[in-house]
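Every number for a ligand or one of its atoms is a count from 1 in the order of the listing.
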Amino acid sequence: MSQDQGQGTNKNVTITDNSTGKQATFPLIAGTDGPPVIDIRKLHAELGYFTYDPGFIATGSCESDITFIDGDQGILLHRGYPIEQLVEHCNFLEVCYLLLNGQLPNPEEFQEFESVITNHTLLHEQLQYFYRGFRRDAHPMAIMCGVAGALSAFYHDSTDISDPQQRLIASHRMIAKMPTIAGWAYKYSLGQPFMYPKNELGYAENFLWMLFGNPCENYEINPIVAKAMDRILILHADHEQNASTSTVRLSGSSGANPFACISAGIASLWGPAHGGANEAVLNMLREIGNKSNIDEYIKKAKDPNDPFRLMGFGHRVYKNFDPRAKIMQQTCHEVLNELGITDEPLLELAIELERIALEDEYFVSRKLYPNVDFYSGIIFQALGIPTTMFTVLFAVARTVGWISQWKEMIEDPNQKIGRPRQLYTGQAPRFVTPISER
Ligand code: CMC
């Protein structure tokens, strides 16, 4: 493969097929940052080959203006703004506006956006009956998949994806209703009444109210807890083409309605290699139990014959510290301090586990660092959130990322139905023998 100067500032890549001597040239497209991509759309037509890239290790599936990650440097930008600055200067709804619209809102734009979102927080009353069909011990992520998908049966006036206004309303509805859906999933598991949203509250406060309030008494929202929740929502808001976002894009590429696509995204997020890791980290720390057992679990994580992995460690893109993990660790200390939790054995265990892993050759050589999920579970636990709800919180936060990416895809003139090819390794054509002769 050779690279030469192409038209304008762009370069080309020429591939030579050594078996036939045939050559084909493909454009090299540069983005704002990150490695350029080879546009191989004509590869099959020109050389008769497909590419093979299980897990999409080196495949760009789309063009996107939303989020940029530099995994080697540990950089995460939303619409060009570093995550550290967004956490410091913005609230979650400002970040939602940014992801959806490309710019941070001015005060008037923010007021209008906040009012639109707070006016869409209620769920259709009949959705309550939908919840009642679930077993009380259903995992809340199972309820989330079902109820988010069911929104398409309730909001017919925002499922026409060819109408920009309907796309926008669907986006606002998803962002607004997810905390209510999540709050009700939790209340259902407790056997407590569903709490209606209170529109005088901010987004994070309202979510806490629907999780922890009840109709019989006043629930005082702790501003420190609300601030921490808001920050956690920002940290999880988007992360470019991860598994769940790619699932949302692939589902949506067929023209499926946005509610169905978000439900597919929730299903993908649930897996322990993705958003389910925050729940898995806490379960792992509880299983390890105390510092004296760390070595045994590090050994298990390193053993190629043992499926155990250190949950909350490693990332497909980050080969350096996940910048979200750094902020999460700091938030974790702040929250525990503010709440007066001076002795948290799981935090001490996590810090020691991190220290040992970061000095271990296995983790160092593979560039395995703590990811966003490593510390979030400890904060959630301190906030009084049950373990099974951890991934639900991730889903609430990521909804804005999913819907922004979905909208971007629908509005992309190059958009096509996603249809990967394969390397077929099954049987060659053969004859069917009638059952009596087999
Ligand atoms: N513990 C032990 N070994 C690991 C781990 C880990 N957590 N992660 C990767 N490895 C090893 C892996 O065994 C392989 O070793 P070798 O080269 O000897 O075969 C090497 O590191 C590369 O791993 P990989 O599986 O090829 O990497 P990947 O990019 O396919 O997987 C990952 C990324 C996040 C799925 C993986 O690191 C993992 O399973 N981590 C634990 C689960 C987790 O914390 N997930 C949350 C990700 S961040 C939030 C989100 O995206 O939702």
Side-chain angles (χ1 to χ4, degrees), residues 53-59 67 69 71-72 74-76 78 83 141 144 232-249 264-285 287-288 294-329 350 353-380 387 390-402 405:
D53 185 16
F56 308 115
I57 308 280
T59 297
T67 291
I69 303 173
D72 295 324
I75 291 171
L76 168 62
H78 293 316
I83 188 71
M141 281 299 276
M144 295 298 287
I232 290 166
L233 293 173
I234 296 175
L235 289 177
H236 289 89
D238 191 49
H239 213 227
E240 55 118 305
Q241 309 312 320
N242 54 82
S244 57
T245 301
S246 298
T247 302
V248 170
R249 279 186 177 259
I266 295 171
S268 169
L269 185 77
W270 192 0
H274 193 6
N278 55 16
E279 181 176 342
V281 169
L282 217 74
N283 291 335
M284 174 189 76
L285 291 173
E287 191 183 315
I288 296 176
I294 291 179
D295 284 348
E296 180 196 333
Y297 281 85
I298 293 272
K299 225 180 259 164
K300 275 166 71 63
K302 291 171 9 179
D303 180 353
N305 299 316
D306 190 326
F308 175 78
R309 283 189 166 200
L310 217 51
M311 300 314 289
F313 256 79
H315 198 274
R316 170 63 60 78
V317 184
Y318 293 118
K319 301 303 167 197
N320 197 327
F321 264 96
D322 177 341
R324 303 168 301 169
K326 278 192 194 164
I327 305 171
M328 205 58 101
Q329 190 198 43
L353 183 61
E354 178 184 346
R355 190 190 64 75
I356 293 176
L358 290 179
E359 286 172 3
D360 190 295
E361 196 278 328
Y362 175 94
F363 292 90
V364 173
S365 62
R366 288 169 180 75
K367 300 185 176 168
L368 301 170
Y369 290 86
N371 59 48
V372 68
D373 294 315
F374 192 68
Y375 283 103
S376 59
I378 297 169
I379 309 182
F380 291 152
T387 319
F390 290 3
T391 313
V392 172
L393 265 70
F394 196 154
V396 169
R398 184 54 60 84
T399 296
V400 64
W402 289 330
Q405 301 262 357

### Task
Please work out whether the ring planes of F363 and F313 are parallel, tilted or perpendicular, with thresholds of 30° and 60°.
perpendicular
Are there any N/O pairs under 3.5 Å between ligand 1 and the protein, and if so, what are their distances?
from: ligand 1; atom 1: 1 (N); to: L310; atom 2: N; distance (Å): 3.1
from: ligand 1; atom 1: 3 (N); to: Y362; atom 2: OH; distance (Å): 2.9
from: ligand 1; atom 1: 7 (N); to: L310; atom 2: O; distance (Å): 2.7
from: ligand 1; atom 1: 7 (N); to: F313; atom 2: O; distance (Å): 2.9
from: ligand 1; atom 1: 13 (O); to: R309; atom 2: NH2; distance (Å): 3.3
from: ligand 1; atom 1: 13 (O); to: Y362; atom 2: OH; distance (Å): 3.4
from: ligand 1; atom 1: 15 (O); to: R366; atom 2: NE; distance (Å): 3.2
from: ligand 1; atom 1: 18 (O); to: R366; atom 2: NE; distance (Å): 3.1
from: ligand 1; atom 1: 18 (O); to: R366; atom 2: NH2; distance (Å): 2.9
from: ligand 1; atom 1: 25 (O); to: R309; atom 2: NH1; distance (Å): 3.1
from: ligand 1; atom 1: 25 (O); to: R309; atom 2: NH2; distance (Å): 2.9
from: ligand 1; atom 1: 29 (O); to: R316; atom 2: NE; distance (Å): 2.7
from: ligand 1; atom 1: 30 (O); to: R316; atom 2: NH2; distance (Å): 3.0
from: ligand 1; atom 1: 39 (O); to: R309; atom 2: NH1; distance (Å): 2.9
from: ligand 1; atom 1: 40 (N); to: F313; atom 2: O; distance (Å): 2.9
from: ligand 1; atom 1: 44 (O); to: G312; atom 2: N; distance (Å): 2.8
from: ligand 1; atom 1: 44 (O); to: N371; atom 2: ND2; distance (Å): 2.9
from: ligand 1; atom 1: 45 (N); to: A273; atom 2: O; distance (Å): 2.9
from: ligand 1; atom 1: 51 (O); to: H274; atom 2: ND1; distance (Å): 3.2
from: ligand 1; atom 1: 52 (O); to: H274; atom 2: O; distance (Å): 3.2
from: ligand 1; atom 1: 52 (O); to: H274; atom 2: ND1; distance (Å): 2.6
from: ligand 1; atom 1: 52 (O); to: G275; atom 2: N; distance (Å): 3.3

### Message
Salt bridge or not between E296 and K300? Use side-chain N to carboxylate O under 4.0 Å.
### Response
no
### Message
Is there a ring-ring contact (aromatic ring centres under 6.0 Å, His included) between Y369 and Y318? Walk through the geometry before answering.
### Response
CA-CA 8 Å; Y369 290 86; Y318 293 118; 9.7 Å; no
### Message
Checking the side chain of H274 only, and the main-chain atoms of S244 only, is there a donor and an acceptor separated by less than 3.5 Å?
### Response
yes
### Query
Given W402 and T247, is the side-chain contact (heavy atoms from CB on, under 4.5 Å) satisfied, shown in steps?
CA-CA 9 Å; W402 289 330; T247 302; over 6 Å; no
### Query
For the side-chain hydrogen bond (donor to acceptor under 3.5 Å, both in side chains) test, which of N242, T245, D238 pairs with Q405?
D238
